[in-house]
Amino acid sequence: MSSSDEDEMPLARRPRKSGGRVVLPDKIDPAVDRQMEEESMEIDAAHAPGIAIDPAKASKVINGTSGKRKAAMKPTVKDESDSDNEPLSKRRRTVNGISRHQLSDESDDSDAIPLKSSRAKKPAKPKEQSESDFEADDSDIPLQKLSKEKKEIEKAASKQAKKEKATPKTKVTPKAKAANKRKPKDESPSDASDSDVPIAKQRKTASAKKGKAVKKEEDEEPTPVKGKKAKVKVEEAAPKKTAKGKGKAKDEEAPSPEGEDEDAEGYKWWLAEQGDGKQKWETLQHSGVMFPPPYEVLPTNIKMKYNGVPIVLSPEAEEVAGFMAALLEADQAKDQKFIENFFADWKEVLKKFGGAKDQNGKTIKIESYDKCDFRPMFEYFTAQKEAKKAMSNVEKKALKAEKEKVEEPYQYCQWNGRKEKVGNFRVEPPGLFRGRGEHPKRGMLKLRVQPEQITLNIGKEATVPPPPKGHKWGNIVHNQTASWLAMWTENINNNVKYVMLAVTSSLKGQSDFKKYEKARELKKHIDKIRRDYTRDLSDKQTMIRQRATAIYLIDKFALRAGNEKGDDEADTVGCCSLRYEHITLEEPNLVHFKFLGKDSIQFDQLYTVDKQVFKNLRIFKKAPKAPGDDLFDRIQTKHINEWFKDYMEGLSAKVFRTYNASWTMQKELAEMKNVGTVAQKYAAYNEANKKVAILCNHQRTKSKMHDTQMEKKMYEIKALMYQKWRLKKMILDLEPKLKKKKPEYFRPDAEIDNDEWIREHQEWLVEEEKKKIEKKFAKENEKLLENGEKEMKATELKTRLGVLNDMKKEFTKENSSGKVAAVGKSPSVEKFEEQIAKIEEKVQTRISMMKDKENTSEVSLGTSKINYIDPRLSVVFCKRFGVPLEKIFAKALRDKFKWAIESVDENWEF
DNA sequence: CTCTTTGATTCGGTGGACGCGAG
DNA sequence: CCTCGCGTCCACCGAATCAAAGA
């Protein structure tokens, strides 16, 4: 673990500069442990096994409303009671809430008893032994140095160890041991079958309830059919269990008497038998993929220039140049790396497909990007776009119909004889790679995909769709365990791209359903998991302590697991890949996280953490650790997921995100009162949605226009305030005495209480008026011309513009006298007051709209709604509060969540 | 490897500002 | 003169689509 290790560090492990070296010793030196915290005794006592984490300890601190997360360096640390912005603290309470509720039934005891025994055993027996093993095995070979082969061996070993967990071997690898440590009980008899049971159970309850629900609120379908069908299904399903595949296929035919039901639309899979999850289909027929249109060369008069000279390019080179030209006014055109990568690839293309020539055929060597002028191309594209926009509706419609006709065969496939929607059947077109953040490969040329590169996955007996003329498919396979229809490898990162079914398909619906069921299953285990990792937070072994700490972060702050990444990817991190520089510790127990997460999205939050966690992080950052070093130098995501596995089958870090998100949502919705208008309820729903989004750190970049839009809105508000103030002055014109009675009322709003601004605004008003008059004049003239009459003269315009002078005069008068003459036919105080009230209302709604917009300008609600919040929660919300579902789920989401919409009543709980 | 999650980009519909004429 | 209803137009917003990135 000395720094010299770095040199020998195999590249398989994190190759980033200084990252990846193991710095910490295997075991936490008790002296260090003590040194790191004065109150250690108390803290350790507080975290003795069996005592749950104090929910109040973790409260999320979010920096105010300004939206400037970057300024989170010194946020006010809010207390839990300070509820407003603290989804997390709330969540914690919630969590304990459920545990109590949860534990009130048998699961408590069954959990508690073995837990004790497990704890009793652990320190007693194997510890000494395994720790020495750990040292012997590992002291010279840090985890990160393990080569691929070694990892393989270990995997095998750990599997082996698991098999034999009843009789632990003397000599096991650390991982095997880690796996070993978890009590066998955790994957107890119930566990194995668990994964099936809840689904079946859920299915039953859902359909049973369905029958009832239907009777009450009529859906489109006639009640008896639906209810009956549901029932029949369940009864059939239960005993069938063993019948897979074929049986399923037959199942589907059952519904058809009811109507043409053999397409996905009518197939209610959530009422049907589930397959074994391994084989995805029996028969599969589809039309392959749709290729982007071939490149069309530009008109000969459109030429980019090099060094000021128009140049002729081969179609291939022109196409690539066009990719760059299209981005001329995008951010990419200012990104050196992007340009560099583009330029290098483009030069390759030029070399391969004949370089650039001038119009006399003389070769021009392209060597400098700066001498390239893509403007003419850019302008051509812009014009094309405009032209397209300007097309008549009829033309647009025809174009759309044409497009739909071409796409038609690709839209659907036959999946086990059912019509299912295909998702991304279009092959990705060539272009410049738009890697996110500082992706080292951004700007590189993404090549056109040829049919020869494409592998089709299709049923054995199906007709293979014909490849494009003159081409062949790369490969045809019949992989029934895969859900993809087609596949190719992209040239930038050699990533595989798949064509799959649409999210509305039953296949995707099922896996979505399973995802949420898995998250719900976590409820049963979460208390034990939390107890255990809380206990492990003070474990002597560095690895265990790191693992516990990492899991704490994953659970509390919804961090992603943080797999390792290569040098040729953007430098983004998740929990396990956090480095020294990504967290800053602030006494007494604040941690400032600042790093780039998935998609290079900033994670910048200040959290209060458990004291023991704080202490641990401090140890993990202890010298000789330095910037660039892994914070968790002894663990990788797989260790975490291995640990999880013993608690629940299929549990991984991401399940925690789903669980905590849905859990938060449920809690938020439960707190809502069934009062107010639909709009208010909807707003409340969005508030809750927003809390989840913040929890998951779902952001969106403020649109470029955001600030200008805000300014504009603010100006509009000020303009309204000015109008209001003027009306008030008019009241005074009628009833001067009122000023003494209500001096407050007649004072201008603070925002416009500024002579200079008022003067500017008056000028602006005059200017606007002028524009209006001119515009109207022009329009009238146009009409006259159209009707074959002659235009009005310029003098007419002049007279019309005369009112501007009156306006100006009036303003000047008002400014000097401080009075505004009442205008209107029969001006009265009442009339003015009415108008003022109207304006005031406008002002208020605009202000709240602005606030709302500002508030959500950097939070993206969609991602959590689509991927994290169990849709059944939203359905329950709508049913309970009488909010139309369409408010919450737009068409596409209603399709995607059909299974949820049809399977719950208002009493369903996550 | 395979599939899910993710924010950006593009698309398309809507609401509200505006003009106009009728009452 | 004011109000109301209707039509038109375009900014804007949410939805659909896209493809990258992560597990």
Side-chain angles (χ1 to χ4, degrees), chain A residues 280 327 330-331 385 388-389 393 396 400 423-429 431 433-437 439 441-442 446 457 479 481-484 487 489-490 492-504 507-508 511-512 514-515 554 560-566 569-570 572-577 596-601 636-638 640-641 652-655 657-658 661 693 696-701 703-706 709 712-713 716 772 775-776 779-780 783 823-827 831 842 849 853 856 858-868 887 889-896:
Chain A
K280 303 272 176 43
L327 295 172
D331 293 341
K385 260 188 237 159
K388 207 174 157 194
K389 240 203 290 191
N393 274 344
K396 276 183 191 162
K400 204 183 161 195
N424 54 330
F425 53 81
R426 265 175 283 258
V427 172
E428 290 175 16
F433 177 67
R434 318 265 284 232
R436 301 179 188 160
H439 197 295
K441 296 185 175 177
R442 62 198 189 274
K446 197 168 95 168
N457 189 28
N479 182 352
T481 62
S483 66
W484 49 270
M487 182 217 95
T489 303
E490 142 270 6
I492 303 285
N493 299 298
N494 287 322
N495 282 334
V496 182
K497 301 276 188 166
Y498 298 91
V499 171
M500 290 190 193
L501 294 186
V503 286
T504 50
L507 183 86
K508 293 288 185 183
S511 63
D512 209 28
K514 281 185 193 147
K515 175 181 79 183
I554 286 168
R560 292 191 184 81
N563 281 322
E564 286 162 35
K565 296 190 75 185
E569 297 172 273
T572 63
V573 298
C575 186
C576 291
S577 44
L596 296 181
K598 180 176 177 180
D599 289 332
S600 293
I601 295 295
Q636 294 162 243
T637 52
K638 61 175 187 185
I640 287 179
N641 288 330
S652 65
K654 86 167 196 137
V655 180
R657 272 169 76 81
T658 316
C696 295
N697 199 41
H698 292 144
Q699 299 182 18
R700 55 172 183 178
T701 43
S703 74
K704 264 181 218 156
M705 292 311 291
H706 178 84
Q709 274 173 6
K712 201 176 143 199
K713 287 246 157 69
E716 280 169 16
K772 228 191 226 171
K775 206 171 155 191
K776 196 178 165 188
K779 216 172 172 184
E780 280 177 37
K783 219 172 205 169
V823 291
K825 179 84 188 247
S826 45
K831 267 190 188 167
K842 260 190 179 174
M849 269 172 67
K853 198 173 168 181
T856 46
E858 289 180 283
V859 189
S860 151
L861 302 186
T863 307
S864 50
K865 197 193 250 184
I866 293 167
N867 296 299
Y868 285 101
K887 277 279 232 204
F889 291 148
K891 177 76 170 65
L893 285 189
R894 289 202 298 281
D895 287 346
K896 170 172 163 141

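Below, read A as the first sequence line, B as the second, and so on, with proteins coming before strands; counting in each chain starts at 1. Bear in mind the structure is a predicted one, so any value in this text is a computation, not a measurement.
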For residues A:T637 and A:N563, is any side-chain donor paired with an opposing acceptor at under 3.5 Å? yes
Rounded to the nearest angstrom, tell me the gap between atom NZ in A:K713 and atom P in C:dC12. 7 Å
Closest heavy-atom contact between A:I492 and A:K441? O-NZ, 2.9 Å
Distance test, side-chain N/O of A:S600 to OP1/OP2 of C:dA21, below 4.0 Å: no
Is the shortest side-chain N/O distance from A:R560 to OP1 or OP2 of B:dT6 below 4.0 Å? yes
Expressed as a whole number of angstroms, how long is the span from A:Q709:CD to C:dG14:C1'? 14 Å
Would you tell me if any nitrogen or oxygen in the side chain of A:K565 comes within less than 4.0 Å of OP1 or OP2 on C:dA21? no
Just call it for A:K896: base, sugar-phosphate, or nothing, with non-hydrogen atoms closer than 4.0 Å on any strand. nothing
OP1 or OP2 of B:dT10 versus the side-chain N and O atoms of A:K385: is any pair under 4.0 Å? no
When you compare the side chains of A:K565 and A:S577, does any donor N or O come within less than 3.5 Å of an acceptor on the partner? no
Send over the distance from A:L327 CG to B:dA8 P, rounded to a whole Å. 16 Å
Might you point out which heavy atoms bring A:A653 and A:N641 nearest each other, and give the distance in Å? N-OD1, 3.1 Å
For A:G562, which contact category applies under a 4.0 Å heavy-atom criterion: base, sugar-phosphate, or nothing? sugar-phosphate
Atom CG of A:N495 and atom P of B:dT2 are separated, to the nearest Å, by 13 Å
Can you tell whether the side chains of A:D512 and A:K508 come within less than 4.0 Å, N to carboxylate O? no
Heavy-atom nearest nucleotide on DNA chain B for A:N867 versus A:K842: which residue maps closer to 5'? A:N867
Think A:K712 has a side-chain N or O under 4.0 angstrom from the OP1 or OP2 of C:dC12? yes
Has A:K598 got a side-chain N or O lying under 4.0 Å from the OP1 or OP2 atom of B:dT4? no
Only counting residues at least two apart or in another chain, list the ones meeting salt bridge (charged side-chain N to carboxylate O under 4.0 Å, His left out) with A:E428. A:K446, A:K497
Is A:T863 close enough to B:dG7 that one of its side-chain N or O atoms is under 4.0 Å from OP1 or OP2 there? yes
Assign each of A:W484 and A:K400 the nucleotide of DNA chain B bearing its closest heavy atom; nearer the 5' end lies the nucleotide of A:W484
Expressed in angstrom and rounded to an integer, what is the separation of A:R657 atom CZ from B:dC3 atom P? 21 Å
Could you state the atom-to-atom distance from NZ of A:K396 to C1' of B:dC11 in whole Å? 11 Å
Closer than 4.0 Å, any side-chain N/O of A:Y498 to the OP1 or OP2 of B:dC3? no
Do you know the tightest heavy-atom contact between A:F889 and A:R894? O-NH1, 2.8 Å
Is the phosphate of B:dC3 approached by A:S483 (side-chain N or O, under 4.0 Å from OP1 or OP2)? yes
Whole-Å gap separating P (C:dA21) and NZ (A:K441): 11 Å
For the residue pair A:R700 and A:T856, what are the closest heavy atoms and their distance? NH2-O, 2.8 Å
OP1 or OP2 of B:dT6 less than 4.0 angstrom from a side-chain nitrogen or oxygen of A:Y868, does that happen here? yes
I want to check one thing: is the phosphate of C:dA23, taken as OP1 and OP2, less than 4.0 Å away from some side-chain N or O of A:N563? yes
Heavy-atom closest pair (A:S860 atom, A:A693 atom, distance to 0.1 Å) is O-CB, 3.4 Å
On the nucleotide B:dT4, are OP1 or OP2 found under 4.0 Å from the side-chain N or O atoms that A:S511 carries? yes
Any A:H439 side-chain nitrogen or oxygen under 4.0 Å from OP1 or OP2 of C:dA20: no
For A:G574 and A:K853, take the nucleotide of DNA chain C holding the closest heavy atom to each; which residue's nucleotide lies nearer the 5' end? A:K853
Please list, for nucleotides 15-19 of chain C, all pairs of protein and nucleotide N/O atoms separated by less than 3.5 Å.
unit_1 : atom_1 : unit_2 : atom_2 : d
C:dC18 : OP1    : A:R426 : NE     : 3.2
C:dA19 : N3     : A:R436 : NH2    : 3.4

State whether the distance check finds a donor on one side and an acceptor on the other, under 3.5 Å, for side chain A:K654 versus base B:dT5. no
Would you find more than 12 non-hydrogen atoms of other residues, nucleotides or ligands less than 6.0 Å from A:K388 atom NZ? no
Counting the atoms with a prime plus P, OP1 and OP2 as sugar-phosphate, which does A:M500 contact under 4.0 Å by heavy atoms, base, sugar-phosphate, or nothing? base
Phosphate OP1/OP2 of C:dG22 contacted by A:T572 side-chain N/O (<4.0 Å): yes
Quick one: label A:I601 by what it contacts on the DNA or RNA (base, sugar-phosphate, nothing), any heavy atom closer than 4.0 Å. sugar-phosphate
Give A:R442 one of three labels, base, sugar-phosphate or nothing, depending on what nucleic acid heavy atoms sit under 4.0 Å from its own. nothing
Rounded to whole Å, the CG-P distance (A:N494 to B:dC1) equals 13 Å
